[in-house]
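Input: a single structure, listed below in structure tokens.
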Amino acid sequence: MSSAVVTRFAPSPTGYLHIGGARTALFNWLYARHFDGRMLLRIEDTDRERSTQGAIDAILDGMRWLGLDWDGDVVYQFARAERHREVAENLLVAGHAYHCYATPEELAAMRETARAEGRPIRYDGRWRDRDSSDAPAGVKPVIRLRAPIDGETVVEDGVQGRVTWQNRDLDDLVLLRSDGNPTYMLAVVVDDHDMGVTQVIRGDDHLTNAARQGQIYQALGWDVPAMAHIPLIHGSDGAKLSKRHGALGVDAYRDLGYLPAALRNYLVRLGWSHGDQEVFSTAEMVGAFDLKSIGRSPARFDFAKLENLNGLYIRTSEDAALVDAIETIVPALGPEHALTAPIGPDLRAKLIAAMPGLKERAKTLVELIDSAYYLYAPRPLALDEKAKGLLGNDARARLAAVLPTLEILSDWSATTTEAAVRHFAEGAGLKLGQIAQPLRAALTGRTTSPPLFDVMAVLGREESLARLRDQAQSA
RNA sequence: GCGCCCUUCGUCUAGCGGUCUAGGACGUCGCCCUUUCACGGCGAAAACACGGGUUCGAUUCCCGUAGGGCGCGCCA
């Protein structure tokens, strides 16, 4: 069995779950599920200054919304600080690490000098071979790794291939801070090892870290897990994705009206491909996912393609499921939408009835809500500009003329109302559009709202007639 | 500055030496369908960054150049 696969997603809780992190989580999740393994979740909160509970909640919520479940309990890295300290001490005893008494100010000056002189910006190893008896009074030391000076460090990466560094280009990193807390470099290595992680999948920005962590593994005599560094996601201008590009946390995508399945599908195709296939069900993704087919170049985030995919997922969603989805984002919409959650049973029934006609033409849930405006808008209907333009005196006269024809109808299904309106138009020597357009404007307040005859069916006889009378009389 | 990585249509990508007059998808444009808007159908424009090699033959392999990205914290 290949159930030995263990992946992990390890975000730092210093902000929301951003789109790059979401994709990293997705890839880890897919890899684990593909091999029938486990995906663990670890919150890297060793930076006590910047870690917040709000960020932790946002990350967990974001993953749940995306449908990325993890195995076992969430591991909080800070809670394991004692173990990290222990490992650092062991390294010290074994001679693979040493105390460094350089102060932060001193190191900053060192870097500044190096920069000014055009030399590599690295720790110069000034305490590497110095005895602790030289230690200046009152300075608490950090523990640094005694990294090899000669030779090279190699990372066999599942995506990037074999990547090699000369050890002379890598300096002695800090393992334990002067306050006794572990650094990220130490904590990651110890935790991945202790948690039994077999496959690390993370952003390309960690590639150099992989080399430095490799040195820690070596000093510890531990096996290095398989590595895979996936290319980053860039904004539409090619620069690193930032707020400037309108991309926030995954919660923002939810509020914008994107479906988690659509976002997943979009994200999986950013950097990964499976021949010409564009649309993947979750099961297909899990079945087809592999590291081999991940590209090495960064991808730009394209809202247009996400929208297209979202539209596809909306079109193929169940009507009731869409109404449920709508309900979840109503609180984020703002009062101008005149819709409140929870949605009452009458409105829910109407929305479900209207969905087949509505979902064909919506790219987002927000658009879906807008197009259903006529179902929840307060009466009298506020007309948009184009609808006003369509309801001139001529049009109102036509509405008044068609009313008797519609009033004798008892069955208000889409087919019978269509037949009636067509019949009327013919009899009056009008083109269908000449009567259909104002009818829709009168019934919905919009000109882009979908199939008139669906609208009439959903609204029903009394409601439709009432709205038409209102408009016909206000001439 | 030093190190590492990347480079096929506007965008996401297929391509793993000849099948490439380079395929698909989104977007764009045109036509059809049509009461609007969509959906759907058909079609069009649109790319191998540049320069050297290797080879009978390079989009595919190697080396440069240019451009881009990431890293170089007692952040993660």
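What you are looking at is a predicted structure, and each value in this text was computed from that prediction instead of being measured. Residue numbers begin at 1 in each chain, while the letters A, B, ... track the order of the sequences.
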Quiz item: Which comes earlier along RNA chain B counting from the 5' end, the contact point of G275(A) or that of P13(A), where each point is its nearest nucleotide?
Solution: G275(A)
Quiz item: Do the side-chain N or O atoms of N308(A) get closer than 4.0 angstrom to the phosphate oxygens (OP1, OP2) of G27(B)?
Solution: yes
Quiz item: Which of the following nucleotides, U35(B), A76(B), C2(B), is nearest to the side chain of P120(A)?
Solution: C2(B)
Self-check item: Nearest-0.5 Å distance, CG of residue N310(A) to CZ of residue R315(A)
Solution: 10.0 Å
Quiz item: What does K363(A) touch in the nucleic acid at a heavy-atom separation under 4.0 angstrom: a base, only the sugar-phosphate, or nothing?
Solution: sugar-phosphate
Quiz item: Angle class for the Y376(A)/Y373(A) ring planes (parallel below 30°, perpendicular above 60°, tilted otherwise)?
Solution: perpendicular
Quiz item: Taking the inter-plane angle between the rings of Y258(A) and F303(A) on a 0 to 90° scale, is it parallel (under 30°), tilted (30 to 60°) or perpendicular (over 60°)?
Solution: tilted
Quiz item: Within the pair R212(A) and G71(B), is there a side-chain N or O less than 4.0 Å away from OP1 or OP2?
Solution: no
Quiz prompt | Candidate nucleotides G3(B), G27(B), A76(B), ranked by approach to the side chain of Y184(A) - the nearest | solution = A76(B)
Quiz item: Contact class for S449(A) (heavy atom, under 4.0 Å): base, sugar-phosphate, or nothing?
Solution: base
Quiz item: Which part of the nucleic acid does G203(A) contact within heavy-atom distance under 4.0 Å: base, sugar-phosphate only, or nothing?
Solution: nothing
Quiz item: L170(A) near the nucleic acid: base, sugar-phosphate alone, or nothing, with a heavy-atom cut-off under 4.0 Å?
Solution: nothing
Practice problem: Tell whether D205(A) reaches the base of A76(B) with its side chain through a donor-acceptor pair below 3.5 angstrom. | Solution: no
Quiz item: Base, sugar-phosphate, or nothing for S371(A), non-hydrogen atoms under 4.0 angstrom?
Solution: nothing
Practice problem: Looking at every strand, decide which applies to F453(A) at a 4.0 Å heavy-atom threshold: base, sugar-phosphate, or nothing. | Solution: base
Quiz item: I121(A) side chain: which of C72(B), C39(B), A76(B) is closest?
Solution: C72(B)
Quiz prompt | Under 4.0 angstrom between T46(A) side-chain N/O and A76(B) OP1 or OP2 | solution = yes
Quiz item: Hey, does the side-chain of R422(A) have a donor or acceptor N/O within less than 3.5 Å of a partner on the base of U35(B)?
Solution: no
Quiz item: Does C74(B) have OP1 or OP2 sitting under 4.0 Å from an N or O in the side chain of R144(A)?
Solution: yes
Practice problem: Would you indicate what L270(A) reaches in the nucleic acid, counting non-hydrogen atoms under 4.0 angstrom: base, sugar-phosphate, or nothing? | Solution: sugar-phosphate
Self-check item: Complementary nucleotide for U34(B) - Watson-Crick or wobble, under 3.5 Å
Solution: none
Quiz prompt | Among A76(B), C6(B), U36(B), the one nearest S297(A) by side-chain distance | solution = C6(B)
Self-check item: Donor-acceptor pair present, T208(A) side chain and C4(B) base, under 3.5 Å
Solution: no
Practice problem: Ignoring hydrogens and angles, state whether a donor on the side chain of D191(A) or H84(A) is under 3.5 Å from an acceptor on the partner side chain. | Solution: yes
Practice problem: Report the residue (A436(A) or R122(A)) whose heavy-atom-nearest nucleotide on RNA chain B is the more 5′ of the two. | Solution: R122(A)
Quiz item: Counting only distance, no hydrogens or angles, is the base of C5(B) paired donor-acceptor with the side chain of R296(A) under 3.5 Å?
Solution: no
Quiz item: Taking atom types as they are modelled, is there a donor-acceptor pair under 3.5 Å from the base of G23(B) to the side chain of D276(A)?
Solution: yes
Self-check item: Distance-only polar pair, side chains of R440(A) and S449(A), donor-acceptor under 3.5 Å
Solution: no
Exercise. Determine the contact category for D171(A): base if any of its heavy atoms lies under 4.0 Å from a base atom, sugar-phosphate if only primed atoms, P, OP1 or OP2 are that close, otherwise nothing.
Key: nothing
Quiz prompt | Any side-chain donor near an acceptor of the partner, D394(A) and Q434(A), under 3.5 Å | solution = no
Quiz item: At under 4.0 Å between heavy atoms, what does R50(A) touch on the DNA or RNA strands: base, sugar-phosphate, or nothing?
Solution: base
Self-check item: Sugar-phosphate only, base, or nothing, as touched by R440(A) at under 4.0 Å among non-hydrogen atoms
Solution: base
